[in-house]
There are 2 protein chains.
Amino acid sequence: MGTLSQPTPLNQPRTGKGQQTKAKLLRTALDAFAEDGYQAASMRAIALRAGVSLSHAYYYFGSKEDIVLELLIALRTEQFELCSAQLDEGNTLETNIRIAFDASVQVMEKYHDFGPSFLKVLLSRDLENSELTQIEMTLWESVVVRARPLPPLAIRRDLPRFLWLLSRQIFSTWAYDSSPNQRRSRALMRSIAPVIGKFAILCRLPVVRSLFEDVLSLMDSGASSIQDRTTSTGESAYEHRSSKAKAS
Amino acid sequence: MGTLSQPTPLNQPRTGKGQQTKAKLLRTALDAFAEDGYQAASMRAIALRAGVSLSHAYYYFGSKEDIVLELLIALRTEQFELCSAQLDEGNTLETNIRIAFDASVQVMEKYHDFGPSFLKVLLSRDLENSELTQIEMTLWESVVVRARPLPPLAIRRDLPRFLWLLSRQIFSTWAYDSSPNQRRSRALMRSIAPVIGKFAILCRLPVVRSLFEDVLSLMDSGASSIQDRTTSTGESAYEHRSSKAKAS
DNA sequence: AGAGCTTTTTGAACGCGTTCAATATTTAGA
DNA sequence: TCTAAATATTGAACGCGTTCAAAAAGCTCT
C-alpha cells in the first residue's frame, strides 16, 4: 500500500488531517467535474466547494491536470469493473473487443467535454504515470486471454499491447468528436471489432503476420518510451514474461 | 472579388488600411512566434509589437488558435516547396515518403513547442478549414504519383489519403515527443517508409489488399467527416485529376 | 460643411490557472 | 511545558486568453 515510492514530487499529506483534506478535495473535485463539467468546475469553484482556499488546492495537486488524471483513472477502473463479468463468458475476440469499447463509451459519455483535457494528460505524461496504463493494459489482456477461441499463438502475446495502442487512437478520435452524441466515434468503435477479428485470423499467414509485427513496432516507437519498465510500483494482475524470459 | 462566401465568421478588413493592419498583425505574430516561442509570444506581446491595442488583435483574429493555424499553413507550404523538387526525381515510393517526412521535420523542428497547440487546431477544426488539408493532400498526392515504379493500381487512388491520415498520427506523436531533439519521432518517421513500401507491394495479394481497405475505412470514419467536399472556397494551385480521370 | 452611416481602434474589465511569501496550526524533543 | 521545526493553510498577486461597450476615424450623400 506504500505510496512512498516517489521522491516527493509534490506534497503528500503527512498527517491524518492532511490526508482527510486531500481526500475531501479530491472527492469534491470529482463531484464538481461530474456535475458542472470541465469549464465550470474551475479550481476556484472546487476549492470553494471543498471549503479550502484556492491556493491550498495546489498544495496537494500540482495542477488541474493532476485532478483530471485522477478522474480518468476512476473512469477506467469503472469501465473495467463494468465489463469484467461479461468478458468471462467465453465470447469471441471480436465480441470481447466490442464489450470493452461499449463499456468505455458508456462510462465516458457524460465526460465528453473532458476529451481534450484527457487527451492532453495521456499524451504528455504516458511515461511517468503508470497506474492508468496498468489498468488499461489489464483490460486488454482480459479481452485477449478470455476470448474463445484463443487468438493465434503467434500474436497472442502482442495483441493486448496492440489493442491498447489502438484504443488510445480511438480515444483521441472520440475526444474531439463533435458529431451529435459522438455518433462518429461510436460507429468507428463498432466497426473496428470485426476488422480486428478478421485480422487476427489472417495472422496465421506469414505475410500478414510480418505486417502485424511491423505495424506494432511502429506504434510502439510512437508511444512514449516504455522501455524496460519491468518493475514499476506494485505488481499488477498481468504478466509479460510468458514468452521469452528464459533466454538469459 | 468575393471573400463573401462565409457568413462573416469574423471581421474581414474592408478598407485598405484595414488590410494593412491585419497583414502587419499577422506578420508580427509569425515573427514573434518564431523568435519567442509559443508561451512568450502572448497576444499582448504580439499586439504591442504590432503597435495596436490588445483587443484590436481580436478584431481580425478570433483567437490565438486562429493565428497558430496561419503559422501551420505557412509551415506546410514551406515544407511542400522544400521537398517538391526532390519528389520529381523519380524515386521509389519509400524514398518519397522519407523525403516528405524529412522536410516536415526540417521545417517544424524550430516550432516544436507549438506541437500541442498545432495538434489542438488540427483535431478541433479539421472540417471547417480546408486550405491546410488541401496543401497536405497535395503533398501526399505528389509522393504517390511521382514515385517510380508507380504503386499498384489497386491502391494508387487511396494511398495518398492513407498517407495523409498516417502523417497526422505521426504528427501527434511528434507534437508531444519529449525525447531529446525529438529523437523518438524522428526514428519513427525513418522506420515507417520501408514498411509502407513493403506494404504497397504486398497489396497485390488480395488478402492484404482487403485489409488495407478495412484499415482505410476505419481511419476515414475516425477523421472528421470529409464527405463530399468537391468545391470549396476558391481554386488553389493544385490539380486533382492527373492520375486517372479517364478510367471510367 | 455637417449628419448619418460603417469600419476601425481602444481601455477596462472578467475569470481562468498558477505562484509565493507569509501566517496559522500541528507535531516532536528538552 | 516551552520551544523549535515541520506541516497545513491563506491572501494577494501575476499574466494569460478573451469579451464588450464605447470612442475614434472614414466614408457618403446632400
Side-chain angles (χ1 to χ4, degrees), chain A residues 3-4 8-26 28-29 32-33 36-71 113-114 116-118 120-121 124-125, chain B residues 3-4 8-26 28-29 32-33 36-71 113-114 116-118 120-121 124-125:
Chain A
T3 51
L4 48 91
T8 316
L10 203 64
N11 288 315
Q12 293 297 123
R14 256 161 279 253
T15 142
K17 191 179 180 194
Q19 289 178 17
Q20 203 171 324
T21 306
K22 175 169 182 175
K24 169 154 195 177
L25 209 36
L26 183 56
T28 309
F33 279 164
D36 305 332
Y38 181 75
Q39 293 234 45
S42 64
M43 291 298 277
R44 281 170 175 83
I46 292 169
L48 189 70
R49 213 165 138 161
V52 301
S53 75
L54 167 62
S55 56
H56 191 45
Y58 285 90
Y59 187 68
Y60 292 123
F61 299 97
S63 65
K64 193 178 181 183
E65 260 189 27
D66 284 4
I67 314 185
V68 169
L69 175 59
E70 299 284 346
L71 171 60
D113 75 302
F114 283 74
S117 187
F118 283 156
K120 192 168 185 180
V121 169
S124 57
R125 319 197 185 192
Chain B
T3 49
L4 48 92
T8 317
L10 204 63
N11 288 314
Q12 294 296 121
R14 255 162 278 253
T15 140
K17 192 180 179 193
Q19 289 179 17
Q20 203 173 323
T21 307
K22 178 170 180 177
K24 171 155 194 177
L25 209 35
L26 183 56
T28 309
F33 280 163
D36 305 333
Y38 181 75
Q39 293 234 46
S42 64
M43 290 299 276
R44 281 170 174 81
I46 292 169
L48 188 69
R49 213 166 137 160
V52 301
S53 76
L54 167 61
S55 56
H56 191 47
Y58 285 90
Y59 186 68
Y60 293 122
F61 299 97
S63 65
K64 192 179 181 182
E65 261 189 26
D66 284 5
I67 314 186
V68 168
L69 175 59
E70 299 284 347
L71 171 60
D113 74 303
F114 283 73
S117 187
F118 283 156
K120 193 167 186 183
V121 170
S124 57
R125 320 200 183 187

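Labels below follow one simple rule: chain letters A, B, ... track the order of the sequence lines, proteins then strands, and each chain is numbered from 1. Remember, predicted model here, so these are calculated numbers, not experimental data.
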Heavy atoms only, 4.0 Å cut-off, all strands: where does B:Tyr60 land among base, sugar-phosphate and nothing? sugar-phosphate
In whole angstroms, how far is the P atom of D:dG17 from the NZ atom of B:Lys120? 12 Å
Which part of the nucleic acid, if any, lies within reach of A:Ser42 when heavy atoms closer than 4.0 Å are counted: base, sugar-phosphate only, or nothing? sugar-phosphate
Once you round it to whole Å, what is the distance between P of D:dA22 and NE2 of B:His56? 20 Å
Is the positively charged end of A:Lys64 above the ring of A:Tyr58, judged by distance under 6.0 angstrom from the centroid and angle within 45° of the axis? no
Assign each of A:Ala45 and A:Gly62 to its nearest nucleotide of DNA chain C by heavy atoms, then name whichever residue's nucleotide is nearer the 5' end. A:Ala45
Does any N or O donor sit under 3.5 Å from an N or O acceptor when you compare the side chain of B:Ser55 with the base of C:dG11? yes
Calculate the interatomic distance between B:Leu54 atom CG and D:dC16 atom C1'; express it in whole Å. 10 Å
Using whole Å, what does the distance between atom P of nucleotide D:dA25 and atom CD of B:Gln20 come to? 17 Å
The side chain of B:Lys64 is closest to which nucleotide in this list: D:dG17, D:dT10, C:dT8? D:dG17
Can you tell which of C:dT18, C:dT10, D:dT9 lies closest to the side chain of A:Ser53? D:dT9
Do A:Met43 and A:Leu48 have side chains that approach each other closer than 4.5 Å (heavy atoms only, starting at C-beta)? no
Measure up the B:Tyr59 and B:His56 rings against each other and bin them: parallel (under 30°), tilted (30 to 60°), perpendicular (over 60°). parallel
For A:Gln19 and D:dT7, give me the distance from atom CD to atom P, rounded to whole Å. 13 Å
Go through D:dA8, C:dT19, D:dT10 for me and flag the one nearest to the A:Tyr58 side chain. C:dT19
From CD of B:Gln39 over to P of C:dT18, roughly how many Å is that when rounded to an integer? 11 Å
In a check of side-chain contact (heavy atoms from CB on, under 4.5 Å) between B:Ile67 and each of B:Leu26, B:Leu25, B:Thr28, which one passes? B:Leu26
Quick check: does any side chain N or O of B:Asp113 sit under 3.5 Å from a backbone N or O of B:Tyr38, one acting as donor and the other as acceptor? yes
When rounded to whole Å, the OH to P distance for the pair A:Tyr38 and C:dG15 reads 18 Å
So, does B:Tyr59 get its side chain near the phosphate of C:dT8, meaning an N or O under 4.0 Å from OP1 or OP2? yes
Roughly how many Å is it from CD1 in A:Ile46 to P in C:dG15, rounded to a whole number? 17 Å
Looking at A:Arg44 and C:dG15, is any side-chain donor or acceptor paired with a base atom of the opposite kind under 3.5 Å? no
